[in-house]
Structure formats: C-alpha cells, structure tokens
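The next block holds one structure in the form of structure tokens; read it before the comments.
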Amino acid sequence: QVQLVESGGGLVQPGGSLRLSCAASGSILRIYDGGWYRQPPGKQRELVASITSGGDTHYGDSVKGRFTISRDNAKNTLYLQMNSLKPEDTAVYYCNANSRSFGPYYWGQGTQVTVSS
C-alpha cells in the first residue's frame, strides 16, 4: 500500500498562485526523496522540482524563481508553492517519491492545474 495523494490543483488566473500538496500514508510510506513533475497536454512529463531527504532542492529552469518545493516530515507531506503562474504552467502535476535510500519511486494520481483568464 503505497499511497501518494496530490491536492490543491484548480483553475487560476495568470499571475495567480496555488499550493499543491502531496500526502503520503505515514504507516506505509515515508517520503525520503521526492519531487513534482508535470505533463502539459500533448507533451512529455517533465521535472518541476525535487527535494532530497536532507532538504536540498532543484528546480526546472522554467519555474525557477516562481515555484518553491518544501516538505513537512511530521506530516509526511510535500508541497509545491506556485506563484506568478503562466498559461504554459497548465498541466497535470504529479507527486513522485521513494521511501528509503535507493528505494523505488512511486507516483501519485495527479492533480490538474489550469492557468487561464
């Protein structure tokens, strides 16, 4: 029972903000390394941001300065704060994480983010 559940997606106007959450079931999955990916319509899935167990972060070039990945280990949750959203940020956003060093990665079901006026 590996469960990663994304939430917080929705419709937002250009320039707006959203915060995505990725909650893992603590009893069966503890987030070690994790990240956010997105898949725009008709395009490949791409890395948005990642965060290691130690808190080191990495961002895709297109979101640097606008998005922030963070984690709350007590809640076993990843977050993605998205600011200054653009129409090209429209995509299904997926959480991805493993539960131990060198362990397999798992995907959440995805949450839709639509940026449109």
Side-chain angles (χ1 to χ4, degrees):
Q1 278 68 53
V2 177
Q3 293 192 57
L4 294 172
V5 180
E6 301 97 333
S7 62
L11 175 65
V12 65
Q13 294 184 345
S17 298
L18 285 174
R19 190 177 80 156
L20 306 183
S21 298
C22 172
S25 298
S27 62
I28 58 173
L29 179 69
R30 298 182 182 275
I31 296 175
Y32 190 76
D33 297 329
W36 291 91
Y37 291 72
R38 68 185 182 187
Q39 188 164 21
K43 298 182 67 177
Q44 301 274 62
R45 190 172 297 186
E46 65 180 2
L47 175 69
V48 176
S50 63
I51 186 166
T52 70
S53 61
D56 296 325
T57 59
H58 172 80
Y59 296 91
D61 289 340
S62 64
V63 307
K64 287 180 180 177
R66 299 189 298 122
F67 291 10
T68 302
I69 188 171
S70 61
R71 62 191 298 158
D72 186 333
N73 291 333
K75 295 182 178 179
N76 204 21
T77 299
L78 299 177
Y79 301 97
L80 184 68
Q81 179 66 47
M82 304 185 293
N83 299 325
S84 302
L85 283 162
K86 305 174 180 179
E88 50 263 47
D89 294 319
T90 295
V92 178
Y93 284 71
Y94 296 91
C95 180
N96 179 259
N98 63 358
S99 61
R100 66 182 192 274
S101 181
F102 304 108
Y105 282 82
Y106 300 92
W107 293 97
Q109 84 289 345
T111 185
Q112 177 71 47
V113 172
T114 302
V115 184
S116 177
S117 59

Taking atom [atom1] of [X] and atom [atom2] of [Y], what is their separation to the nearest 0.5 Å?
X   : Y   : atom1 : atom2 : value
R30 : S99 : CZ    : OG    : 10.0 Å
Q81 : I69 : CD    : CD1   : 12.5 Å
L47 : S62 : CG    : OG    : 9.5 Å
R38 : E88 : CZ    : CD    : 8.0 Å
I51 : L78 : CD1   : CG    : 7.0 Å

Which heavy-atom pair separates [X] from [Y] by the least distance, and what is that distance?
X    : Y    : result
V5   : Q109 : CA-OE1, 3.6 Å
T77  : S21  : CG2-CB, 4.3 Å
A49  : L80  : CB-CD1, 4.3 Å
S117 : P14  : N-CD, 3.7 Å
P40  : A91  : N-CB, 3.5 Å
L4   : Y106 : CD1-O, 3.2 Å

(request) Apply side chain to side chain contact (heavy atoms under 4.5 Å, CB included) to the pair Y79 and R19, showing each step before the final yes or no. (result) CA-CA 7 Å; Y79 301 97; R19 190 177 80 156; 3.7 Å; yes

(request) Using side-chain contact (heavy atoms from CB on, under 4.5 Å) as the criterion, point out the one residue from T114, V115, T90 that pairs with V12. (result) V115

(message) Please identify which of these residues, N96, L20, V63, meets the side-chain contact (heavy atoms from CB on, under 4.5 Å) condition with W36.
(response) L20

(message) Per the disulfide bond (SG atoms under 2.5 Å apart) rule, what does the pair list look like for residues 32-117, sequence neighbours excluded?
(response) C22-C95

(request) Spell out, yes or no, whether L85 and Y37 are grouped together once hydrophobic residues are joined by side-chain heavy atoms under 4.5 Å, including indirect joins. (result) no

(request) Look at atom CD of Q44 and say whether more than 12 heavy atoms of other residues, nucleotides or ligands are closer to it than 6.0 Å. (result) no

(message) Run the side chain to side chain contact (heavy atoms under 4.5 Å, CB included) test on T111 and S7 for me, step by step, so that the C-alpha distance in whole Å, both residues' side-chain angles and the decisive distance to 0.1 Å come before the verdict.
(response) CA-CA 6 Å; T111 185; S7 62; 5.8 Å; no

(request) May I have the step-by-step check of salt bridge (Lys or Arg N to Asp or Glu O under 4.0 Å) for D89 and K86, ending in yes or no? (result) CA-CA 5 Å; D89 294 319; K86 305 174 180 179; over 6 Å; no

(request) Would you kindly say whether N83 and S17 are connected by a side-chain donor-acceptor distance under 3.5 Å? (result) yes

(message) Under a plain distance cut-off of 3.5 Å, with no hydrogens placed, do N73 and R71 share a side-chain donor-acceptor pair?
(response) yes

(request) Could you tell me how the ring of W107 sits relative to the ring of Y94: parallel (under 30°), tilted (30 to 60°) or perpendicular (over 60°)? (result) perpendicular

(message) Between D33 and Y105, does the side chain to side chain contact (heavy atoms under 4.5 Å, CB included) criterion hold? Intermediate values first, please.
(response) CA-CA 9 Å; D33 297 329; Y105 282 82; 3.6 Å; yes

